[in-house]
Every structure is written in C-alpha cells, then in structure tokens.
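Just below is one structure, and these are the notes that go with it.
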Protein chains: 2
Amino acid sequence: MSGLPDLESLRLLVLVGELGSIGRAATELGTTQPAASKRMASLERQLRLVLVDRTRRGSRLTPAGQVVSDWARKVLDEVDGLLTGAEALRSERDAELRVAASLTVAEHLAPGWIGQLRRAEPGLYVGLQVTNSTAVLELVRSGEVDLGFVESPNLPADLSYRRVAADRLAVVVPPGHPWARRRRPVRMVELAATPLVVREPGSGTRETLEKALARAGGGPAQPLLELGSTTAVRSAVVAGVGPAVLSVLAVGADLADGRLVEVSVEDIDLRRALCAVWPGGRRLVGPAAALLDIARRAGP
Amino acid sequence: MSGLPDLESLRLLVLVGELGSIGRAATELGTTQPAASKRMASLERQLRLVLVDRTRRGSRLTPAGQVVSDWARKVLDEVDGLLTGAEALRSERDAELRVAASLTVAEHLAPGWIGQLRRAEPGLYVGLQVTNSTAVLELVRSGEVDLGFVESPNLPADLSYRRVAADRLAVVVPPGHPWARRRRPVRMVELAATPLVVREPGSGTRETLEKALARAGGGPAQPLLELGSTTAVRSAVVAGVGPAVLSVLAVGADLADGRLVEVSVEDIDLRRALCAVWPGGRRLVGPAAALLDIARRAGP
DNA sequence: TGGGGTCATAACCTCATCGCATGAGTGGGT
DNA sequence: ACCCACTCATGCGATGAGGTTATGACCCCA
C-alpha cells in the first residue's frame, strides 16, 4: 500500500519539465531514452496520474505533472541537503574548513549553509562535526575546528561570537490534547507543574527550558518521560504521550501541517540565539569568513 | 557521482532509530531482517558513514546516524506530501470532498492541509483540482467543487470568502547579479524599466505584479523572457538569465540556502492574501468546514 | 549451561531495469 | 511530393540489485 517512488524517477520528471523532452532528460541523467521512457511510464502507473503530454516533437508536463514536479523538486532539495550534510560529516577530519555545530544547528541549518558555500566555492571540502554545545566550545578553543555554532546562551569571554539566527522553544501538544483547544495561554506555573516529555539533562533544549523556568520563578520541569533524541520526543508527543517543549526548527513542519499544535505560555521567554563562535581576538578569513557571512544572511 | 539514496533505506534508518533494532524495523516495513541488514550496510557504504551502532542486543544510531536520520525524516515528510497530493489529484472526480486550488496554493500548502485532514478523518477521500484563480472561482460557483483556494485579490460578491494565509512576491536575482550586492532598495521605476523573467499573462503571479506596478504608478513590466511555469522562471533566474518576481512560497528554500537573493524594492506592495472561497451565503459543514479550519490555523 | 535475543553471512532465486535495435508518427526543408 | 530529422514506444536478451531462507556468531540472563 505504501509504494515509495524512486528518486531517480522524480529527478527525471523534473528534468523532463525543464528540458521539454524525455530523450534530452535521459542524456542529461547519463542514461538512454528508452530507459527514461519506461521510467516515466512506471512513475505514472505508480501514481496513477498522467504526468507528461507526449507529442511527436517533445514532451510537456500536464497540469498534474507540473504540480507533481514541484513537489518532487522539494523532495530533491531535501535529498540534496542530506547528501551535502553527509559529505560534510564524512570529511570531519582533514577538511579545508572544519566546522562544529550543536545538534539543533546541524539538523536544520548547517546543510543549507554548507551547500551554499560549496556552490560559491566548488571543490571546497567542509568537515562538519556534531556534538553538544559545550563540546563545540571546547573544539573551537583547542583549535580543532575553525568555526563553531552553538545554541547555548552562556558564552565564555575568551571566544569571539556573533549571533547568526534565532530559535524559539515551543510548547507542543498533539491535536487531541486539552491544551490544543485552549483559548487563553497556559500559565507558567501550570507548565512547570505538568509532566513533560523531555530530553535528557545536559542537552541544550533541556537546559534552555530549565533556565527559562527558573528565570520566570518556577520550579524545575516535571519529567514524564525522558528520551535521548529530539525526534524521539517529537514522536512521543505525536503519539499522545504528553506535552513537550521543543525547538520550532525541529517541529516547524509538524506545526504547519497540524500533526502538532503549539500552546502559548504566559510569562516565559523561550527564545534563544544561535551563535557562531571562533577563537577569541582572531579575525576570520577565507572560507570560515564566507560561511559566517552566509549564516548571517540566511538567518533573519 | 550522484548516487541518489533509496527512500526505503531512509525510512529504514528512521525506523531503526525509533525502534532500536534492525530486525524490528524490518518487520515493521514488512520485510525480513537480513534484507534490512543488507540495506543498512548498503546505505552506510553509499554515504560512507557509520550510521548504526550494532550491539548484540539491539542497534542504536551513532551521532552521525542521528543527524542523517533527521535529514531523512525531512525527505520523507516531503515525499509524504507528494503522495498525499498525488492521491488527491487522482480522485479529482467522485471524491467526498472536492477542492480546487490555484497553483501557488496547490504547490505549497494544499498537500499539508489535506494530509492533516486525512489524519483527522482517515478514509476520507479528497479530490484536488489545480487550475488558475479565475477557473477556481468558476468551479466554486457552478458547484463542481465544495471549496476553493485562490490567490487573486479581486473576489466577486456572490461568493463567501475568508483569508487563510499570506503570500508575498519577492524580487529575486542570482547571487552574482549586481542587485544582489546593493545596499539600498531598488526604486520602483527601476524595477518597471528592467526586463524581467515572467510567467505568461493571465497567471496569478503575473497579474499581481502588473497590478502592483500600476498601483504604484509604474508602467507594465518589461518581459525579458516569458515562461509557462513558476519553476521554469525559477530555473532561469538561477541560471542567471535575469531578475524575476516570484512568490516567497515558491522560492523560500532558494532564499534560505542562497541559490537566490531577494532584493528589496521601494514604494511597492507585493503582498497578497490567499483566500478560501465557497458558494455565497451557505454555511460550510462537514469535511469542507474542517479543511477551512485547518487552513486558517496553519497559515498565521 | 542452555534459551531467547540480536545481527551478519552465504546460497539461491526472482524480477525489475537497462541497453540496443527497431518501428512509427510528425514537422520542416528541399 | 518527397525525405530527413526528431521525437517517443516497444520487443528482446542480459545483467544485477535486492529478496528470502537457512545458518552461524555472539551476548545477556536465568
């Protein structure tokens, strides 16, 4: 019943739309025209939709094909991010530009930034290391990486830093939860008293939450369930286990399509800055400066 | 050199992370453990990364696996949107809820909304028809669809409508373009005098642009190249043909990762509302009301 | 020390896909 | 009027990626 489509076929569809010919799209992909023709037919059979209008001189996308092609392009963009990120992870050592990022930045922002940098300077090898915020600071200090990205609000004075993007933690519940129907914001004390699905202590998200609760005068959060990854927490919330507090970067898509609902909370500030960090005093040059520039522009 | 990964393998990776076992992930996918084991090994070989930590009792994702799994989840979310949209396109006729949407809404928002509705009411068959804004209004008026979504700002009085989301046209150029380095906004007359890559006359985007130029007291746009689809325009801009004016919904990802650069323009308002439309006077009930509600909540 | 887990390996098989060659239809050039 | 250039679809072997079954190695716990 599932039947996931083939990424090659999706790329072919996009290319057919751009080039106006199945054969030309085939050569662009380094394959032959009959193979491409069959792939298209197979994709159409799978989706049970007519996607291309085959005329005797060229092919055009049908209206349905246009729309599906756009959806396919979004898929391929995400795949591109995955491949870019994977390559950066791979060349962690002996890369020309070594970057360390905390999980939130690495998951949601780093592949885009690195991809843009590599489009500007093709052939540049970027190495990405993913750890927690304190480890990132240590890597920067020891010179093992040229540039770091952290979400932690407490930055030591011996390092230079610059804010590059904003993040915000959101209280999220599944659509069926009583809080989802509330019209008034949840009170801060109510949040502090409610058992939450949380990350383990020491993670950036958990720390930000605890700190914000303390700053607002509340007690520590009540753990309902403690999980080791953001996605695990997310899945637990979607499954209805209970509310959680997660980065909007992590649950943006879920909020947009309604798998999760955000609940506003009174009297509490859950914003946090995402900062670039590099060895103190030094001025960034070369690719490190370029990446910082890209990150600054990309974030609002 | 490209080597696109396999979607089944990505789903497997996500599932391994969630279930903590290759074998259990395999049964979840309806396959066998050796097959899944081989798939994982193959994915790791392709990405040249160690993604899972195989212990004798279960498997956990490595840090790299965590991150890749999150990227994979994004890919799969987009694929889910594609499949949801394709199913809706397919059941255009004889669906329980018939929806028509203009291209911008259909491309970027409709799959998410429909997906959410189908999660809330499983088994509901939704039919989606994609045309231009004026045709949507006609379909609503004739009763061929229950609900329509348009981007056009001029709504006839015989239909009920409600604003559900916002869109904005952006002037975009490739990173190398002189406008990309400008610090001052481009003057409106400058924009009107510059040849642009545009959609064909009659498309919603083209009309909004012309109307905004006229409202600001400028002449009509100078077509540099006229193309039949938003993505064709986008590709032309990326390829450096010239500036274009496109919906931020269409180029959001490109702006975020720097394939395109937005140029601000003085004295011109390129915002537009996206509206739901239904037969006048009538009150929406059942799935149509639910979908409208979802759309209202999703768009800010 | 045996049983219930887990994952990896080996051998075999099936079938989807590929490439080549070919057919068929249209449009433009001569 | 004719033919060439260009497009896409189809038929036919051959290849190989991926699936299943069976088995082995290892760890934890009783």
Side-chain angles (χ1 to χ4, degrees), chain A residues 1-62 64-66 68-69 72 79 228, chain B residues 1-62 64-66 68-69 72 79 228:
Chain A
M1 85 139 253
S2 59
L4 279 77
D6 184 357
L7 289 178
E8 297 282 358
S9 304
L10 296 185
R11 204 163 78 169
L12 177 63
L13 173 66
V14 171
L15 235 56
V16 169
E18 281 176 4
L19 301 178
S21 153
I22 293 182
R24 236 176 304 160
T27 60
E28 184 81 10
L29 289 178
T31 179
T32 62
Q33 174 268 319
S37 181
K38 243 185 208 177
R39 275 199 109 87
M40 279 306 312
S42 157
L43 181 62
E44 288 181 314
R45 201 175 56 247
Q46 191 187 8
L47 298 179
R48 282 183 286 163
L49 283 173
V50 181
L51 301 173
V52 288
D53 214 356
R54 287 112 163 137
T55 75
R56 292 300 164 179
R57 43 189 271 272
S59 299
R60 286 191 58 72
L61 297 187
T62 61
Q66 284 274 349
V68 175
S69 157
V79 171
Chain B
M1 90 135 256
S2 59
L4 280 75
D6 185 355
L7 289 177
E8 298 282 357
S9 303
L10 296 184
R11 205 163 76 170
L12 177 63
L13 173 67
V14 171
L15 235 54
V16 169
E18 281 175 5
L19 301 178
S21 153
I22 293 183
R24 236 176 304 159
T27 61
E28 183 81 9
L29 289 178
T31 181
T32 62
Q33 174 267 320
S37 182
K38 239 195 311 195
R39 275 200 108 88
M40 278 307 310
S42 156
L43 179 64
E44 287 181 315
R45 201 175 54 246
Q46 190 186 8
L47 298 180
R48 282 182 289 163
L49 283 172
V50 180
L51 301 172
V52 293
D53 213 357
R54 288 113 164 134
T55 76
R56 294 299 162 182
R57 42 190 272 272
S59 298
R60 287 192 57 74
L61 297 187
T62 62
Q66 285 274 349
V68 175
S69 158
V79 171

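Within every chain, numbering begins at 1; the chains are lettered A, B, ... in the order of the sequence lines, protein sequences first and strands thereafter.
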Checklist entry - Considering heavy-atom distances to DNA chain C, does A/Arg57 or A/Asp6 have its closest nucleotide positioned more toward the 5' end? => result A/Asp6
Next on the checklist: For the CG atom of A/Asp6 and the CG atom of B/Leu4, what is their distance to the nearest 0.5 Å?
Outcome noted: 8.5 Å
Item to check | Pairs flagged by salt bridge (Lys or Arg N to Asp or Glu O under 4.0 Å) wherever residues 12-23 of chain A is involved - sequence neighbours left out | outcome: A/Glu18-A/Arg73
Next on the checklist: Expressed as a whole number of angstroms, how long is the span from B/Arg24:CZ to C/dG4:C1'?
Outcome noted: 13 Å
Checklist entry - In residues 26-36 of chain A, what residues come within less than 4.0 Å of DNA chain C, judged by heavy atoms? => result A/Thr31, A/Thr32, A/Pro34, A/Ala35
Pairs of donor and acceptor atoms involving the side chains of residues 24-36 of chain B, under 3.5 Å and at least two apart or interchain, shall be tabulated with distances.
{"unit_1": "B/Arg24", "atom_1": "NH1", "unit_2": "B/Leu19", "atom_2": "O", "d": "3.4"}
{"unit_1": "B/Thr27", "atom_1": "OG1", "unit_2": "B/Arg24", "atom_2": "O", "d": "2.8"}

Checklist outcome for this item: Which of C/dA11, D/dC8, C/dT6 is nearest the side chain of B/Lys38? It is C/dA11
Checklist entry - C/dT17 P sits how many Å from A/Met40 CE, rounded? => result 14 Å
Checklist entry - Expressed in angstrom and rounded to an integer, what is the separation of B/Arg60 atom CZ from C/dT6 atom P? => result 15 Å
Next on the checklist: Students often get this wrong, so: under 4.0 angstrom with heavy atoms, is B/Ser42 touching a base, only sugar-phosphate, or nothing?
Outcome noted: nothing
Checklist entry - Below 4.0 angstrom from OP1 or OP2 of C/dC7, is there any side-chain N or O of B/Ser21? => result yes
Checklist entry - Stepwise, does the side chain to side chain contact (heavy atoms under 4.5 Å, CB included) test hold for A/Arg60 with A/Thr55? => result CA-CA 8 Å; A/Arg60 286 191 58 72; A/Thr55 75; over 6 Å; no
Item to check | Integer-rounded Å distance: D/dC8 C1' and A/Leu61 CG | outcome: 15 Å
Checklist entry - In whole angstrom, what separates A/Leu43's CG from C/dA16's C1'? => result 15 Å
Item to check | Nearest-angstrom distance from the residue atom CD1 of A/Ile22 to C1' of D/dT10 | outcome: 14 Å
Item to check | Spacing of A/Arg54 atom CZ relative to C/dG23 atom P, expressed in whole Å | outcome: 22 Å
Item to check | Nearest-angstrom distance from the residue atom CZ of B/Arg56 to P of C/dA8 | outcome: 8 Å
Next on the checklist: Does D/dA17 have its OP1 or OP2 closer than 4.0 Å to a side-chain nitrogen or oxygen of B/Arg39?
Outcome noted: no
Item to check | Any donor-acceptor pair under 3.5 Å from B/Thr62 side chain to B/Leu51 backbone | outcome: yes
Item to check | Heavy atoms of other groups near B/Arg54 CZ, more than 12 under 6.0 Å | outcome: yes
Next on the checklist: Any side-chain N or O of A/Ser37 below 4.0 angstrom from OP1/OP2 of D/dC8?
Outcome noted: no
Item to check | Gap separating the CD1 atom of A/Ile22 from the NZ atom of A/Lys38, nearest 0.5 angstrom | outcome: 13.5 Å
